[in-house]
Asks: 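Okay, here's the structure, questions in a sec.
As the structure is a computational prediction, the values presented were derived from the model and not from experiment. Worth knowing before you read on, the calculation uses all heavy atoms, side chains too, and leaves out hydrogens, waters and symmetry mates. Numbering of ligands and ligand atoms starts at 1, following listing order. FYI, the numbering just counts along the sequence from 1.
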Amino acid sequence: MTQPKFSIVAPAYNEEETLPEFYRHVREVMDGLGEPWELVLVNDGSTDHTLEVMRRLHEQDHRVRIVDFARNFGHQIAITAGMDHARGEAVVTIDCDLQDPPEVIPDLIARWREGYHVVYGVRSEREGETWFKLFTARLFYRLISALTDVEIPMEAGDFRLLDRQVVEDLRRMRERRRFIRAMTSWVGYRQIGVPYARHPRFAGETKYPFRKMFRLALDAITGFSDLPLRLSWICGIILLGLGVLLGLVLLALRLAGSAPLAGQGLMLTAALILSGTQLVFLGIIGEYLARIYDEARDRPLYTVREHIGFDDET
Ligand code: UDP
Ligand code: MG
């Protein structure tokens with residue numbers, strides 16, 4: 001089998017209705033480019049006939065390869081498995097419901113040939129999605145960009161092209177809770193967006209109910225922000241500050257001869273100072289936890305675009 005130049009990676013969960021049409025589109029677009037390609041389909045524990053459909057496609061066309069999960073592991077893990085098995089110099093991840101049109105792939109490839117390492121699709125329009133989905137999606141992007149330090153392009157989903165070099169870096173990031181959008185931003189390199197109109201689903205319904213979106217949002221925030229762990233610090237310092245302030249005011253008043261609140265004031269001061277101190281110590285534990293978490297994720301320390309001058313043996 002010839003080494004493919006391009007790999008198309010598509011996760012599928014109960015997509016028996018969309019797959020044949022998706023394959024037809026991909027084949028037409030990719031054959032038009034005139035270079036060897038492969039389609040890596042990941043069956044994410046589907047309960048319908050997705051696997052049978054995939055097998056049929058593979059028998060028709062050996063460029064279709066299948067990774068069949070033993071159960072449902074979720075979209076982000078399915079994409080990861082697809083990237084692990086892809087062999088192309090450029091790897092395109094795309095949903096198989098035809099919401100991300102395969103016809104845009106040549107545009108992504110054109111940018112890649114210009115020297116970009118990551119070319120991501122930016123949804124300029126979203127047809128056929130409920131206002132609730134659009135609203136929660138927008139909220140999600142806002143929240144994540146406010147809370148995390150990686151820059152995640154607005155309206156970019158998981159339709160993107162990655163250079164082999166970036167794929168290898170991502171493969172070194174084995175964290176379990178994966179938010180690939182932020183991970184691809186984290187690695188760096190030259191990145192650019194390509195606008196496209198997102199179509200309605202070809203068939204079937206979304207496999208991303210609110211519950212899964214919410215979990216993804218949590219994974220995104222906990223994966224790329226220590227802020228929740230630091231919140232305790234901030235609250236603690238505020239309470240402690242209030243306690244000390246109240247104590248000083250009461251002391252000053254007492255010295256001046258008046259004693260409002262008397263014993264109650266003392267209790268309130270003590271309560272503020274004590275709970276503030278507790279929160280500050282929780283914050284300190286949070287700091288250690290953040291560091292342990294960072295080590296546990298075991299991300300590469302750095303990513304390298306190019307090594308220059310290391311090959312001359314002089
Ligand atoms: N998907 C998957 N595993 C899941 C959920 C979804 O592999 O647990 C796939 C699904 O088959 C599709 C892609 O991920 O190819 C995106 O899912 P979907 O289209 O349902 O999400 P939406 O576009 O509505 O956000
Ligand atoms: Mg979809």
Asks: Just jot down the ligand 1 atoms closer than 4.0 angstrom to any heavy atom of C96, in number order.
Replies: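 Result: 15 (O).
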
Asks: Scan R65, R63, K5 and name whichever one has a side-chain hydrogen bond (donor to acceptor under 3.5 Å, both in side chains) with E38.
Replies: R65

Asks: Regarding T222 and R177, is there a side-chain donor-to-acceptor distance under 3.5 Å anywhere?
Replies: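 No - no donor-acceptor pair under 3.5 Å links their side chains.
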
Asks: Quick one: sort the F210 and F132 rings into parallel, tilted or perpendicular, breaks at 30° and 60°.
Replies: tilted

Asks: With heavy atoms under 4.0 Å as the rule, classify the contact between D158 and ligand 1 as side chain, backbone, both or neither.
Replies: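 It is neither part, as no heavy atom is under 4.0 Å.
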
Asks: Name the closest protein heavy atom to atom 1 (N) of ligand 1, giving the residue it belongs to and the distance to 0.1 Å.
Replies: Y13 CB, 3.7 Å

Asks: Under 4.0 Å, heavy-atom basis, I'd like to know which part of E15 is in contact with ligand 1: side chain, backbone, both or neither.
Replies: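 Within the 4.0 Å criterion, E15 contacts ligand 1 through side-chain atoms alone.
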
Asks: Can you classify the ring geometry of H62 versus H58 as parallel (below 30°), tilted (30 to 60°) or perpendicular (above 60°)?
Replies: perpendicular

Asks: Do you see an N/O/S atom of T206, backbone or side chain, under 2.8 Å from the Mg ion (ligand 2)?
Replies: no

Asks: Check contact between R198 and ligand 1, using heavy atoms of the residue and a distance below 4.0 angstrom.
Replies: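 Yes, that is the case, since the closest heavy atom of the residue is under 4.0 Å from the ligand.
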
Asks: Please determine if G74 has a nitrogen or oxygen closer than 3.5 Å to a nitrogen or oxygen of ligand 1.
Replies: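 By distance alone, the answer is no.
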
Asks: For D44, which part has a heavy atom under 4.0 Å from ligand 1: side chain, backbone, both, or neither?
Replies: side chain

Asks: Identify the closest protein heavy atom to atom 25 (O) of ligand 1: which residue and atom is it, and at what distance?
Replies: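 Result for atom 25 (O) of ligand 1: K133 NZ, 2.9 Å.
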
Asks: Just to verify, which of T47, T50, D44 counts as forming a side-chain hydrogen bond (donor to acceptor under 3.5 Å, both in side chains) with N14?
Replies: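 The passing option is T47.
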
Asks: For atom 18 (P) of ligand 1, which protein heavy atom lies nearest, and how many Å away is it?
Replies: R201 NH2, 3.5 Å

Asks: Is any side-chain N of the basic residue among D84 and R174 closer than 4.0 Å to the acidic one's carboxylate O?
Replies: yes

Asks: For atom 14 (O) of ligand 1, find the nearest protein heavy atom and state the residue, atom name and distance (0.1 Å precision).
Replies: H75 CD2, 3.1 Å

Asks: Would you say ligand 1 has an N or O under 3.5 Å from any N or O of P11?
Replies: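 In this structure, P11 places an N or O atom under 3.5 Å from an N or O of ligand 1.
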
Asks: How close does the nearest protein non-hydrogen atom get to atom 23 (O) of ligand 1, and which residue and atom is it?
Replies: Q99 OE1, 2.6 Å

Asks: At less than 2.8 Å, would any N/O/S atom of D97, backbone or side chain, sit next to the Mg ion (ligand 2)?
Replies: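 Yes - counting backbone and side chain alike, D97 has an N, O or S atom under 2.8 Å.
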
Asks: Considering non-hydrogen atoms of the protein only, which is the closest contact for atom 16 (C) of ligand 1, and what is the distance?
Replies: D95 OD2, 3.3 Å

Asks: With no hydrogens and no angle check, do the side chains of W112 and E89 hold a donor and an acceptor under 3.5 Å apart?
Replies: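 No.
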
Asks: Heavy atoms only: which of M213, K207, K212 lies closest to atom 8 (O) of ligand 1?
Replies: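 The residue whose heavy atom sits nearest atom 8 (O) of ligand 1 is K212.
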
Asks: Nearest protein heavy-atom contact for atom 21 (O) of ligand 1: which residue, which atom, what distance?
Replies: Y208 CD1, 3.5 Å

Asks: Which atoms of ligand 1 are found less than 4.0 Å from any heavy atom of A12?
Replies: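 Close to A12: 7 (O), 11 (O).
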
Asks: What I want to check is whether the side chains of Y196 and D107 have a donor and an acceptor closer together than 3.5 Å.
Replies: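 Y196 vs D107: no donor-acceptor pair found between side chains.
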
Asks: Are R181 and D158 within salt-bridge range, i.e. N to O under 4.0 Å?
Replies: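 Looking at R181 and D158, the cut-off is met.
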
Asks: State whether E168 and R172 are salt-bridged, where the test is any N-O pair (Lys NZ or Arg NE/NH1/NH2 against Asp/Glu carboxylate O) under 4.0 Å.
Replies: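 Looking at R172 together with E168, the answer is no, because their closest N to O distance does not fall below 4.0 Å.
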
Asks: Thinking salt bridges, do R111 and E114 make one under a 4.0 Å N-O criterion?
Replies: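 Yes, R111 and E114 are salt-bridged.
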
Asks: Among all protein heavy atoms, pick the one closest to atom 19 (O) of ligand 1 and tell me residue, atom and distance.
Replies: D97 OD2, 2.6 Å

Asks: Should the heavy atoms of other residues, nucleotides or ligands under 6.0 Å from CD of E205 be counted, would the total exceed 12?
Replies: no

